[in-house]
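Have a look at the structure below before the remarks.
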Amino acid sequence: QVQLVESGGGLVQAGGSLRLACAASGRTFSSYGMGWFRQAPGKEREFVAAIRWSGGTTYYGDFVKGRFAISRDNAKNTVYLQMNSLKPEDTAVYYCAADRFLNSNYVREISEYDFWGQGTQVTVSS
């Protein structure tokens, strides 16, 4: 069982930056693949980024275009999402997710992930 708690969301102006953090409980955190998703009002939840347990392989949604970076610190049981050059269309609730056997073919699929956090709101003003 893994429990996830996101933090770092808030209000930022367009062009600004935020760093989200996801703290995980459980001694086996380092063996889990981790992902970030987001959901804007009236829209479906979409994939943002994912990272394998070792941190050596990362995946990104097409819209990221080099603006975001996912990383993890297994010693701190934490995964991060650094978001730069934020746009109003990045406004959403951002969710952290964990999967014990992250399959590279399905990292963008919501159904791939077993555990989810409650989300943190990110609002980007124009």
Side-chain angles (χ1 to χ4, degrees):
Q1 189 78 8
V2 176
Q3 293 184 328
L4 306 172
V5 179
E6 301 95 337
S7 62
L11 174 64
V12 64
Q13 289 187 333
S17 299
L18 282 175
R19 188 175 81 155
L20 306 183
C22 173
S25 65
R27 292 174 292 178
T28 59
F29 169 79
S30 61
S31 64
Y32 280 74
M34 301 296 296
W36 286 96
F37 287 75
R38 70 183 188 181
Q39 189 166 18
K43 295 187 177 181
E44 295 185 349
R45 193 170 298 191
E46 67 174 341
F47 172 74
V48 177
I51 187 167
R52 299 194 68 81
W53 69 271
S54 64
T57 304
T58 56
Y59 310 85
Y60 294 96
D62 293 340
F63 67 88
V64 170
K65 298 186 185 299
R67 299 184 298 127
F68 297 178
I70 188 171
S71 61
R72 66 189 297 161
D73 185 338
N74 288 338
K76 295 182 178 180
N77 279 13
T78 302
V79 63
Y80 303 96
L81 183 68
Q82 177 68 44
M83 304 187 294
N84 301 322
S85 301
L86 283 162
K87 306 174 182 180
E89 50 263 44
D90 294 317
T91 295
V93 177
Y94 283 71
Y95 297 91
C96 174
D99 181 67
R100 180 65 178 87
F101 302 105
L102 190 61
N103 187 318
S104 59
N105 293 318
Y106 303 110
V107 293
R108 293 169 176 80
E109 303 298 325
I110 294 171
S111 59
E112 175 69 4
Y113 297 83
D114 301 315
F115 304 102
W116 291 83
Q118 293 301 306
T120 185
Q121 175 71 47
V122 171
T123 303
V124 184
S125 63
S126 58

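Side chains are part of it too, since the values below use all heavy atoms of this structure and drop only hydrogens, waters and symmetry mates. These figures come from a predicted structure and were not determined experimentally.
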**Request:** Answer whether the closest heavy-atom distance between the side chains of Y60 and I70 falls below 4.5 Å.
**Result:** yes
**Request:** Using the rule that two of Ile, Leu, Val, Met, Phe, Trp, Tyr join whenever any of their side-chain heavy atoms come within less than 4.5 Å, decide whether Y32 and Y80 are in one cluster.
**Result:** no
**Asked** Is it true that a side-chain atom of R67 and a backbone atom of S85 form a donor plus acceptor pair closer than 3.5 Å?
**Response** yes
**Complete:** In this structure, OG1 of T58 is separated from CZ of R52 (nearest 0.5 Å) by 11.0 Å
**Asked** If only atom types and distance count, is the side chain of R19 paired as donor or acceptor with the main-chain N or O of G8 below 3.5 Å?
**Response** no
**Message:** What I'd like to find out is whether the side chain of F115 reaches to under 4.5 Å of the side chain of R100, using heavy atoms alone.
**Reply:** no
**Complete:** Scanning both residues in full, the closest heavy-atom pair of S126 with A14 reads CA-CB, 4.4 Å
**Asked** Got more than 12 heavy atoms from elsewhere within 6.0 Å of CG, D62?
**Response** no
**Item:** Within one Ile-Leu-Val-Met-Phe-Trp-Tyr cluster: W36 and V107, side-chain cutoff 4.5 Å
**Value:** no
**Request:** Enter the distance from F68:CZ to S17:OG here, rounded to the nearest 0.5 Å.
**Result:** 9.5 Å
**Message:** Quick check: is I110 connected to V64 through a chain of hydrophobic side chains (ILVMFWY, heavy atoms under 4.5 Å apart)?
**Reply:** no
**Request:** Spell out, as yes or no, whether a donor-acceptor pair under 3.5 Å connects the side chain of E6 to the backbone of T120.
**Result:** no
**Request:** Have a look at V122 and tell me which of T91, D90, L20 forms a side chain to side chain contact (heavy atoms under 4.5 Å, CB included) with it.
**Result:** L20
**Prompt:** Crowded around Q118 CD? As in, over 12 foreign heavy atoms under 6.0 Å?
**Reply:** no
**Message:** Please determine whether residues V124 and L81 belong to a single hydrophobic cluster, defined as Ile, Leu, Val, Met, Phe, Trp and Tyr linked transitively by side-chain heavy-atom distances below 4.5 Å.
**Reply:** yes
**Request:** Find out whether R38 and E46 are in side-chain contact, i.e. whether some heavy atom of one side chain is under 4.5 Å from a heavy atom of the other.
**Result:** yes
**ring-ring contact (aromatic ring centres under 6.0 Å, His included) against F37, all qualifying residues, sequence neighbours excluded** = F47, Y113, W116
**Request:** For the pair S25 (side chain) and Q3 (backbone), establish whether a donor and an acceptor sit closer than 3.5 Å, ignoring hydrogens and angles.
**Result:** yes
**Message:** Measuring only between side-chain heavy atoms, which start at C-beta, is Y59 closer than 4.5 Å to S104?
**Reply:** yes
**Prompt:** Which atoms form the tightest heavy-atom contact between V2 and A24, and what is the distance?
**Reply:** CG1-CB, 4.1 Å
**Request:** Determine, using the 4.5 Å side-chain heavy-atom cutoff (strictly less than), whether L4 and M83 are members of one ILVMFWY cluster.
**Result:** yes
**Item:** N/O donor-acceptor pair under 3.5 Å between N74 side chain and W53 backbone
**Value:** yes
**Request:** Report, as yes or no, whether the 6.0 Å neighbourhood of atom CZ on F63 holds more than 12 heavy atoms from other residues, nucleotides or ligands.
**Result:** yes
**Minimum heavy-atom distance A92-A40, with the two atoms named** = CB-N, 3.8 Å
**Request:** Write down the atom of M34, the atom of V79, and the distance for their closest heavy-atom approach.
**Result:** CE-CG1, 3.9 Å
